[in-house]
> 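Pasting a structure below so you can have a look.
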Amino acid sequence: MLRCALRSTPLWKCDSFIWTQTSLCYKSRGFAMSSQLGRKSTQAHALKQIRYYSQSGEEVLNVQIKRAAASPETSELSDKAERTPFYTHLQNSSCPTDVLDTLKRFPASHQHLSSIFSRMWESSKRMTDEQRRCELQLMFEHPMFEEVCERTVTDAWRMRSEDLAYSLLAIVNLGVSQNTGVVQTLLRVIQERLNQFDIRSLSVLASCIREMENSRNVQALREALRLLLKDRIPEIQNVLVLQSMMRAVGKNSPILLKNELATKALSLADGFSPPNTQYMFSSLAAMGLNFKPLLDVCSKNIAENVHEFPFNRLLSVLKSCHELHYRNYTLFSSISEYMANTFDMWSNKQVILFLVTFENLLFRPVLLLDAFAERIIQKSESLTLKDLLSVLKVFSLLNHDLKEKKTQFLASVTMVLESYLPKLSPTDLLKAIHCLGLLEHFPQTPLEKLLQKDTLDQLLEKGKQSDKIQRWLHTLDLCLRLDKPHLPPSLTSIPDLHISVPAPAVTANQEVLSAVRSIVGNDAVQDSVLEQSIYFIDCVITLPHQTEETCGVSLFSVLYFRIAVVCAPHTSFCFGTTHPRASLVIKLHHLEKLGYKPVLVPVLELSSKTEEEKIKMLQKLIFPTNLTFFVTDLKV
């Protein structure tokens, strides 16, 4: 009855009680607890002083822990007599308090402590958040919990290395404060016995301290573990153990240690299971190490067996790739094609999570985008507001061409956008219009709401603190003046947004500039041109006027008068292609509106060529094949 009553307590009280109870029970007297127990010495007990740091790191305490001189034979016989019923009841316990109730019937020895804490943690993992909070509240106030913690403090020195590691892991995961004597005692005993830990125990310990808050004892243990690993890496033959070590050493470890761990993992790669392969990505991400040989092997394994990986693991791989700044076209293509081929299996939320992650990786999954666009056209009402904003962002930034489906797609997303207009904040509305503008679409109803004075005033005020909003407003202003969309009936003129953005801090690419001048001559080239205060052009080639006519038409009347040569880094293209993306798309579009013929030069591709190859490549980009004769005339 008491348990049911406590379960009905409001969650915030449960949560507050757990931490307050823990803090009061152990923080105020946790360190004294072990001292008091230490004073209960008898002739059969010896005393050992354990020295450990407090959580604050301001003082060092001496704690006396009793060393029992019990006969090993007696302990072994007692354990054999009670082991079967004790562990049977322990395994059948369905919650932490059931475990503690079991201790009333079967008194535990120091050999049972690790199993007790581990079982309490395991049983709580299967509960909902609400159940877990209430059950942990009951656990903290249970009288046997305090007794088990006291027993752990006094018997920590007698526990096996494996039991020490599992006990610490379970206690920390149960939410016991790191300030308490039981946690600090375990940390200190582990420090003293770290050299006795086998590889598996070190792996468990590594998993535990990775999630612990920083304190002097924890930090000292992390450093000791890193030093120990240098000598123990050759012993590791289990991939899971190795991955636990990799995650534990963290991003602040020496690069030499990280490389040794990654090299060891590469030597075990032939035995990787699918989970091992996926987990290796997140392990390397935890170290912050882009170890390409290992990542390439894992990518190949996943690409060849992509159907064996569930949704969450594939998404985790892609997120790790983004964190590591690692790109693999074969891996990305295989995942996107698998998603497209099994498209009906995935919900909107799952597809959007993949699309957003692919966009972060600058990868354009063509088949998946086409399939999702078709679903949106058929069932646009299934999109939530969050879904809609994500869809607009992905399709616009990746500059995806839907060809004959584009009109239907834009009509569908516009209808959804209009249905959410009452709920849209000014910032989200500006974001949506910005994305649609990249797709050269300006729906009148959303545009009318955006251009209302109250909405613009709010955005202009926010723009003072946000560079992103300023850029969006500036782009909107350019779109209204250059694209000249049909304005809503309520607007007779384009509002003056008074937006100014800083000029881009870039310089002309000298290699390209030199090559262009060698093609057309110095007089025809003007470098470092800035249009509309934002669009930087590496060089502009101005074609000379031509008075000769052919068949009554000027020979060069069909040519662009000015050619804008724009050098773009690899991040301006979708990964693995020369398909322009994001702001580069609107830049090229607006340069055309301003009377230029834009010529896009992929700098990464150009940098790998010789001088002669660069000139040939630029000549083909700048001048159409049927006008190559014009190059000679220009130089003359």
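Heavy atoms only: backbone and side chains are in, while hydrogens, waters and symmetry mates are out.
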> Give me the ring orientation class for H400 and F395: parallel if the planes are under 30° apart, tilted from 30 to 60°, perpendicular past 60°.
perpendicular
> F309 and Y338: aromatic ring centres closer than 6.0 Å?
no
> For the residue pair P443 and L436, what are the closest heavy atoms and their distance?
CG-CD1, 3.7 Å
> Below 30° counts as parallel, above 60° as perpendicular, anything between as tilted: where do the rings of F311 and W346 land?
tilted
> In this structure, are over 12 heavy atoms from other groups packed under 6.0 Å from K423 atom NZ?
no
> Does any pair with a residue in residues 433-445 pass side chain to side chain donor-acceptor pair (under 3.5 Å), and if so which ones, sequence neighbours excluded?
T414-H441
> Report yes if the side chains of V585 and L397 come closer than 4.5 Å at any heavy-atom pair, otherwise no.
no
> Less than 4.5 Å apart, any side-chain heavy atom of S380 and any of V413?
no
> Out of the candidates R247, Q243, R313, only one should pair with S282 under the side chain to side chain donor-acceptor pair (under 3.5 Å) rule; please name it.
R247
> State whether R581 and E359 are salt-bridged, where the test is any N-O pair (Lys NZ or Arg NE/NH1/NH2 against Asp/Glu carboxylate O) under 4.0 Å.
yes
> Looking at side-chain heavy atoms only, is the closest gap between S123 and P96 below 4.5 Å?
yes
> Between H590 and Y535, is the ring centre distance below 6.0 Å?
yes
> Answer yes or no: is there an ion pair linking E323 with K319, defined by an N-O contact shorter than 4.0 Å?
no
> Going by an N to O cut-off under 4.0 Å, is there a salt bridge joining D477 and R481?
yes
> Between R132 and D129, is the closest basic N to carboxylate O distance under 4.0 Å?
yes
> Minimum heavy-atom separation for R327 to L361, with atom names?
NE-O, 3.2 Å
> Pick one: which of I537, D538, L591, I622 meets side chain to side chain contact (heavy atoms under 4.5 Å, CB included) with V599?
I622
> With the side chain counted from C-beta on, respond yes when L318 and N360 share a heavy-atom pair under 4.5 Å apart, and no when they do not.
no
